[in-house]
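Counting convention: from 1, in listed order, for ligands and their atoms alike.
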Amino acid sequence: MSVTLSVLVQTPAHSGVGGPLTYLSEEALPIGTLVRVPLGQRELLGIVWDAGHGLPAQGETALRLRPIAGVLHPLPALNPAWQALIRFTARYYQRSEGEVALAALPPSLRELSPEQLTRRLKRKAAAPKSKNTAEPLAPQPVKAVDRIPVPPNGLALTAEQEAVLHQMATQKGPFLLFGSTGSGKTEVYMQAVQRLLQAEPSAQALVMVPEINLTPQLEQRFRERFEPWLGAGCVVAMHSAMTPAQRLNSWLAAHNGQARMVLGTRMAVLASMPHLRLIVVDEEHDPSYKQQEGARYSARDLAVYRGQLEGAQVVMGSATPSLESWHHSRAASPDKPAGRYVRLHMPSRMGQSALPLVRRVDMNRQPRRTVFSGVLLDAMRERIGLGQQILVLLNRRGYAPVLHCPSCHWKSQCPHCSAFQVFHKLNRTLRCHHCSHTTAVPRACPECGDTDVRAMGRGTEQLEELLATQLEGVRRPDGAAPRIARIDADSTRAKGALENQLAQVHAGEVDVLVGTQMIAKGHDFRRVSLVAALDTDGALFSSDFRAPERLFSLLMQAAGRAGRDAQWSQQAGHACEMWIQTHYPQHPLFDALKRHDYPAFAEEQLQEREQAGMPPFSFQALLRAEARTQDAAQSFLKAVSLAAAELPGADRLSLYPPVPLGIQRVAQVERAQVLVESASRTALQQFLTAWQPLLRSARTQHRAVLRWAIDVDPLVI
Ligand code: ADP
Ligand code: ZN
Ligand code: ZN
């Protein structure tokens, strides 16, 4: 006798098939079971989803139903909490459950047949324990005898760390750990994990970091701490730079409960962890936690939701929290002193290392077109002479020179995008950073034939060269000329390049490191005593209302790179410094920075946002459309905006007129968007859910529209 099952599969985004499909099965299977099912000519991975009512299939429809192709028997079913997380994510971010659920599974799991999976698991079980791979086995009870019953020796905690851990032990959270760079937040995370595992040996912890680059450091610290206690395989990593096989192994180890700690990037928030009790979101303010394609979820926000759902404690840490999180940790009102988040504070840096002195250079008093002011150069020369290191931070993203012709004003416009191709001196190419279109540098201007085409604007490469000239004659203590290195997206494209470059900095082989925000994040450069930020002004008056928040956070992060080694900087007898070159030295942002006063900056920004009715005091979503012409994209958006007036929630929100995106055309595709804003999250959610079917049907009338997508809580508007 067969039963019917509802099975979730990965359906194309706009197929209209959002929900599960129905299949026949010889046996009733629990919800969450992984199965293989036929779809058309293909066979896909699926998840048993709705209660397959257990009824025998009857009548005509039963004839058309197809049986499932197999069951991934060795794997335990995905548990109800995970299912609820997927349901919520799909609903909140306006995507189908199938898309979200299947994207949350490791890609290679989608390809394995039940037989292949069984063979693989057997092989793994038979293989001797290797140091770097977790053993995916069928679910096993945790045997205490397997482990050395001595917890690791952590550091002796500071009073601030103790106080924070005490609050975590006695309150529910979620917690916002507001701690300076180098205040020992990572140590707090490790201690929290340790205390959890001592109390509950089978518990699991999820620790997220924003960047793949930061996972190896973190992984090493966790392994060194926990492997001697819990054995190899207790810590697994999860991020997109891993091979499919590694990802599968990590996922299986987390899913069957073997891995106690999962360290990963945003994707890890959807990992199946049946015994999840603690979630850490480090550098919670970082924009990388927001997924920028498919289901555009915020891993930070989902972490908070997931914690609530599964009864897991959530800690978000940052020296410069997002204004959203900061707002949630403020007193709701004088009579309600606790915010939604419990704020924990660790103001002191380890080892008495002071935060650097912030110095502003008024660029209005410098000759026009000055790149490095004289005072800054003098300070740099002195530091090099003392054998200290310098970071030069470039704020502008896509800091990039464009090729141009001075006679006819031709510029290296990308033929496919409304953007310029960027000049790369090293391999003499022009490259578009949006569509990757690459061409050789022309020998002469393609318009007028002038051979004097040149790079316009400063790129990191040019800056590096300029600096080399301006530091000519300066000597290190050993008499050698200073060495300048550059770290940016280009110099680190090759695998391992970033690690190599960072190792050189650590080894003291580099005196001046020039780079974009990549160099400001997380890396522990002990000998850096001077940080210089060159072009910060754009962010002060940007149309992007989040630009000041990002700038402040970047500068605080960068400042945190200096003076991490108190001994070093005091020995040299020079306080660490952060130099800011600006045309607006009086700007309140720099005042707050000078005092290292994030709370003051946050209060000022939140007041502005409240007055302007911007997030976190309102909720936003974007509807984006892509078409061959801007007109087609906009007329679709106009039509669906008009038709939306009667939808539930529509009376409590604003729909703005369609506008082209900042970069309007990419790879020959025109892009436009509509902003939806409401003071009520519920109204916005209600509206978006009701809007979806309307959007799907409108697209059949607007055939020129290639794609549309909704971005809930967008970070960039
Ligand atoms: P954060 O994550 O806040 O930037 P870390 O946890 O990386 O700070 O700590 C900064 C440095 O201080 C690290 O080298 C760490 O080993 C050290 N550290 C952390 N806690 C202590 C402690 N209680 N005693 C001594 N050193 C500590
Ligand atoms: Zn020309
Ligand atoms: Zn392009």
Task: ligand 1 contacted by Arg349 (non-hydrogen, < 4.0 Å) - done: no
Open item on the list: At less than 4.0 angstrom from any non-hydrogen atom of Gly184, what atoms of ligand 1 do you find?
Closed with: 1 (P), 3 (O), 5 (P), 6 (O), 8 (O), 9 (O), 19 (C)
Open item on the list: Check this for me: does any side-chain nitrogen of one of Lys185 and Asp282 sit under 4.0 Å from a carboxylate oxygen of the other?
Closed with: no
Open item on the list: Checking Trp326 against Phe178 for the ring pair (Phe, Tyr, Trp, His ring centres under 6.0 Å) test, could you report, in this order, the C-alpha distance in whole Å, the side-chain angles of both residues, the deciding distance, and whether it holds?
Closed with: CA-CA 9 Å; Trp326 188 256; Phe178 170 47; 5.0 Å; yes
Open item on the list: Please work out, at 4.0 Å between heavy atoms, whether the side chain, the backbone, both, or neither of Lys185 comes within that distance of ligand 1.
Closed with: both
Open item on the list: I want to confirm something. Looking only at heavy atoms, which of Arg221, Gln217, Met350 is nearest to atom 15 (C) of ligand 1?
Closed with: Arg221
TODO: Could you tell me whether any N, O or S atom belonging to His416 is less than 2.8 Å from the Zn ion (ligand 3)?
DONE: no
- [ ] Return the set of protein N, O or S atoms whose distance to the Zn ion (ligand 2) is under 2.8 Å, each given as residue and atom.
- [x] Cys405 SG, Cys408 SG, Cys445 SG, Cys448 SG
Task: the Zn ion (ligand 3) to nearest N/O/S of His434 less than 2.8 Å - done: no
Open item on the list: Using a 3.5 Å distance criterion without hydrogens, assess whether the side chain of Tyr598 forms a donor-acceptor pair with backbone atoms of Ser553.
Closed with: no
- [ ] Examine ligand 1 and decide if any of its atoms is less than 4.0 Å from a heavy atom belonging to Ser180.
- [x] yes
Task: Structural part of Met346 in contact with ligand 1, heavy atom criterion under 4.0 angstrom - done: neither
- [ ] Could you tell me whether Thr181 and ligand 1 have an N or O pair separated by under 3.5 Å?
- [x] no
Task: Min N/O separation Leu155 to ligand 1 under 3.5 Å - done: no
TODO: Could you see which bit of Ala156 sits under 4.0 Å from ligand 1, with heavy atoms only: side chain, backbone, both or neither?
DONE: backbone
TODO: Could you tell me whether any N, O or S atom belonging to His437 is less than 2.8 Å from the Zn ion (ligand 3)?
DONE: no
- [ ] Report yes or no: does a heavy atom of Gly182 sit under 4.0 Å from some atom of ligand 1?
- [x] yes
Which atom pairs, donor and acceptor, lie under 3.5 Å between side-chain atoms of residues 445-456 and protein residues at least two apart or in another chain?
from, atom 1, to, atom 2, distance (Å)
Asp450, OD1, Asp452, N, 2.7
Asp450, OD2, Ser407, OG, 2.1
Asp452, OD2, Arg454, NH2, 2.7

Task: 2.8 Å cut-off met by an N, O or S atom of His433 to the Zn ion (ligand 3) - done: no
